[in-house]
Amino acid sequence: MSPDELFQQNLQALQKKSTEWVDKLRDTSCEETRFTVEDGKKSLPTLKSEDGDGTYYLHSLYDPLREAEQFINKEMTGIEKAKAIVLVGAGLGYLTEILLPRLTDEQRIILVEPELCMLKAALAVRPMQALLQSEKISWVIGHPATDSAKAVAALLTSNWIDKWHVLMAPAIARYHIDFSRDFIHLLGSQLNTAQAHIATKIAASKIILWNILQNLRHSRQAPGVVHFQDKWRNRPLVLVAAGPSLDKQLATLREYQDRVLIIAVGQAWRSLRQAGIEPHIVASVDPHQGNLPHFVDMPNQHSWLLTDGACYPEIVDTFQGPRIFSYSIGSLDKALEPLQGRRGVLGTGGSVANNLFSFAVMTGASPIILIGQDLAYTGGVTHASGNVYRQALDEEAYKNDINLRKVPGYYGDQVITNVQMDAYRYWFENSIARLGDIEVINATEGGALIRGAVNRPFATALADCAEVVPLAWEAIWPNEDEFAVIEDRLFAKQLAQLERDINKIERLSIDTVNLARKLQNDRLLEKERQRLIKKLAKNQKDYEASSASARDLLGMVLGQETFVAQNVTADANHELAEYGRIAEAMHSHIVQACRLLKQMLKQTTQPL
């Protein structure tokens with residue numbers, strides 16, 4: 001069979017999965033490539049390339065299938081523990097061909113091939129229909145490292161965030177050396193951010209809900225970030241983080257503090273005050289007490305507090321000044337709407353500086369000027385002077401800590417950061433890339449490079465951007481037409497309705513538990529079994545029609561962002577008794593969640 005005929009056969013197989021890929025492969029010109037196809041010793045083709053270290057083959061010249069088998073055998077320990085195997089570099093498909101039949105029913109391959117021309121060459125020299133049509137393989141084809149990492153992270157986050165394994169054959173990694181290095185680095189940052197979100201939403205969900213209910217006394221009387229939409233459009237704003245480089249910017253900021261809007265993370269507040277600077281807005285969003293020391297013995301002068309509904313309640317309670325509320329989970333903002341109206345959602349990558357950046361974007365500010373945003377251990381320290389958590393980091397720590405890494409620096413150098421801060425940096429870069437006409441200036445003058453932001457000295461940025469006269473910044477506070485507090489009587493009425501909705505779900509779940517237990521009886525007559533199935537199906541529909549607010553709040557109690565009841569209707573792939581067990585377990589949890597949520601509401605809202 002000629003290469004063209006084989007290529008067309010493979011394209012026909014690919015057509016069933018993606019016509020877009022077929023069109024791209026047909027339209028891609030591959031006259032100049034970094035590789036050539038050669039016939040091997042056993043009539044199996046291989047790929048040959050060349051770099052600064054000489055000529056090499058991407059697959060064995062003698063027996064590429066045997067080579068692939070040996071590589072897979074060596075990696076089986078990691079493969080067996082994974083649900084998803086991320087295979088970087090398809091080459092001519094030998095590794096995938098060996099790996100595919102070894103997968104369990106639950107395992108999948110995510111195949112990343114950055115070069116369309118390499119895939120096009122493979123389709124012309126090897127029959128790959130089985131690989132192209134396999135439901136066990138997800139393809140990520142022809143994208144740069146950033147887009148490939150996003151695509152793979154999305155697949156892993158949806159299904160296998162904690163059970164994945166990366167495979168790269170040495171020769172293929174050599175060929176894709178720049179892509180591989182960037183891809184692994186970016187994928188790690190993406191997944192660290194996703195895991196931080198999941199940890200917040202699941203492990204701390206009860207704490208978050210408790211804090212939200214505790215803070216209702218303030219959030220129902222204060223505006224939300226949504227009320228500041230476009231309030232600072234095309235006006236300069238300085239976002240102050242607490243990185244080590246902040247120290248050298250304080251004198252300049254003090255000079256301009258009345259002519260530019262200053263929003264600061266809580267960790268930087270003490271450093272600013274020691275320099276004679278009062279931010280217009282100071283932020284705290286963490287649900288734990290770790291940020292409390294930054295607010296202790298800090299009597300407010302004129303700042304507003306930007307906070308999250310889930311913020312540690314003592315910080316919200318003791319702050320003496322106006323408050324602005326937000327939520328990081330959209331379903332929670334929606335669930336609380338009957339009690340207080342919408343407050344708005346701020347995107348975050350896990351850092352309060354991310355929340356502040358999202359707020360700055362929401363106001364329409366431009367340029368947004370970043371200072372103290374080192375995202376690295378600049379000068380071998382963790383924070384600016386005056387920060388209660390400031391620590392030193394030596395070179396030995398970098399050598400011994402696997403969570404530390406070197407990344408490109410602001411000045412073109414290499415700086416030391418950790419996995420968490422690097423995830424924050426990656427979030428900034430992704431956010432900046434989507435901004436459109438909002439300008440972001442990185443005036444940190446130190447730390448990690450933030451791609452997409454314009455590096456500019458802080459003094460120059462303020463000299464160019466600061467307003468001529470002192471700001472009348474208080475004017476952006478929402479007026480009565482834009483925001484009104486829900487009256488006590490209406491609040492009490494809505495709260496009573498929420499409790500009734502929870503009671504309804506509790507009764508429904510108790511009934512479902514009883515039905516599910518009966519369904520597990522092997523001696524049931526068919527007529528009775530069908531009656532139970534119909535009743536369970538009706539309960540499911542009634543649940544889905546129940547209050548969305550109550551269900552979303554119950555989801556937090558159960559440790560999920562959005563609670564979806566288990567479908568307990570009959571399914572051809574499962575035994576009815578199994579469905580009975582699933583339904584009983586699931587709705588037993590719901591009953592417990594209803595009772596706990598009612599108790600939490602009573603304890604937190606009774607004083608209101």
Side-chain angles (χ1 to χ4, degrees), residues 185 189 192 238-257 262-277 279 282-283 290-291 293-294 349-354 356-357 368-429 432 440-462:
H185 178 69
S189 295
N192 279 321
V238 175
L239 194 165
V240 184
S245 296
L246 176 61
D247 291 347
K248 62 185 176 185
Q249 312 293 23
L250 293 173
T252 302
L253 184 60
R254 183 170 58 246
E255 179 184 350
Y256 285 92
Q257 66 176 309
I262 302 170
I263 62 176
V265 302
Q267 290 193 14
W269 196 12
R270 200 175 301 273
S271 301
L272 292 173
R273 177 161 293 181
Q274 290 175 356
I277 303 165
V282 63
N291 271 329
H294 304 299
S351 163
V352 63
N354 298 152
L356 268 179
F357 184 83
I368 299 171
I369 304 170
L370 308 177
I371 62 172
Q373 198 62 66
D374 291 73
L375 301 170
Y377 298 105
T378 307
V381 293
T382 57
H383 296 89
S385 300
N387 189 289
V388 295
Y389 293 131
R390 179 181 168 104
Q391 293 179 335
L393 179 83
D394 57 28
E395 192 68 23
E396 286 302 312
Y398 168 68
K399 294 178 182 177
N400 298 323
D401 191 337
I402 61 172
N403 288 314
L404 300 180
R405 59 176 61 155
K406 287 188 176 181
V407 297
Y410 184 95
Y411 291 110
D413 53 347
Q414 293 282 306
V415 295
I416 298 174
T417 187
N418 64 24
V419 171
Q420 188 177 46
M421 286 193 290
D422 207 34
Y424 301 157
R425 177 189 63 81
Y426 188 72
W427 182 92
F428 272 114
E429 292 180 348
I432 292 169
V440 179
I441 297 172
N442 186 1
T444 297
E445 298 185 72
L449 176 70
I450 301 176
R451 293 181 177 87
V454 178
N455 287 357
R456 191 177 301 170
F458 188 43
T460 302
L462 287 186

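Values below: all heavy atoms of this structure, side chains included; hydrogens, waters and symmetry mates excluded.
Residues satisfying the ring-ring contact (aromatic ring centres under 6.0 Å, His included) test with F458, not counting sequence neighbours, are none. Scanning for salt bridge (Lys or Arg N to Asp or Glu O under 4.0 Å) contacts around R270 gives an empty result, with sequence neighbours left out. Remark: R273 engages E278 in a side-chain hydrogen bond (donor to acceptor under 3.5 Å, both in side chains) (not counting sequence neighbours). Annotation: side-chain contact (heavy atoms from CB on, under 4.5 Å) contacts of A453 (sequence neighbours excluded): I432, V440, N442, I450. Here H294 pairs with nothing under the side-chain hydrogen bond (donor to acceptor under 3.5 Å, both in side chains) rule; sequence neighbours left out. Every side-chain contact (heavy atoms from CB on, under 4.5 Å) that V265 has, sequence neighbours left out, goes to A242, Q267, A268, V352, A353, L356. Residues meeting the side-chain hydrogen bond (donor to acceptor under 3.5 Å, both in side chains) test with T378, sequence neighbours left out: D374. Evaluation of the salt bridge (Lys or Arg N to Asp or Glu O under 4.0 Å) rule for E445 yields no partner, not counting sequence neighbours. With sequence neighbours excluded, no residue forms a side-chain hydrogen bond (donor to acceptor under 3.5 Å, both in side chains) with N354. Here V415 pairs with A376, V407, D413, A448 under the side-chain contact (heavy atoms from CB on, under 4.5 Å) rule; sequence neighbours left out.
Closest approach of P279 to I277, counting heavy atoms only: CD-O, 3.9 Å. Contact record, E429 with R425: OE2-NH1, 2.6 Å, taken as the closest heavy-atom pair. When all heavy atoms are compared, the tightest approach of I369 to A461 is CD1-CB, 4.3 Å.
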Does the pair R405 and N418 meet the rule for a side-chain contact (heavy atoms from CB on, under 4.5 Å), with working shown? CA-CA 6 Å; R405 59 176 61 155; N418 64 24; over 6 Å; no
Tell me, with the steps shown, if V240 and L246 meet side-chain contact (heavy atoms from CB on, under 4.5 Å). CA-CA 8 Å; V240 184; L246 176 61; 3.6 Å; yes
For I368 and I441: C-alpha separation, side-chain torsions, deciding distance, then whether side-chain contact (heavy atoms from CB on, under 4.5 Å) applies. CA-CA 6 Å; I368 299 171; I441 297 172; over 6 Å; no
Evaluate V238 against I263 for side-chain contact (heavy atoms from CB on, under 4.5 Å), listing each step before the verdict. CA-CA 6 Å; V238 175; I263 62 176; over 6 Å; no
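Remark: the backbone N or O of T382 is not paired with any side-chain donor or acceptor of R390 at under 3.5 angstrom. Distance alone, capped at 3.5 Å, places no donor-acceptor pair between the D247 side chain and the A384 backbone. When atom types are taken as modelled, the side chain of Q249 and the backbone of A443 share a donor-acceptor pair closer than 3.5 angstrom.
Listed by first and then second residue, the side chain to side chain donor-acceptor pair (under 3.5 Å) pairs involving residues 449-461 are E439-R456 (not counting sequence neighbours).
No donor-acceptor contact under 3.5 angstrom links the side chains of T417 and D422, judged on distance only.
Note that the NZ atom of K248 and the OG1 atom of T444 stand 9.0 Å from one another [nearest 0.5 Å].
Between F428 and Q373, the closest side-chain pair of non-hydrogen atoms falls below 4.5 Å. Counting heavy atoms from C-beta outward, P244 and Y377 have side chains that stay 4.5 Å or more apart. Using a 4.5 Å heavy-atom threshold, the side chains of L449 and Y411 count as separate.
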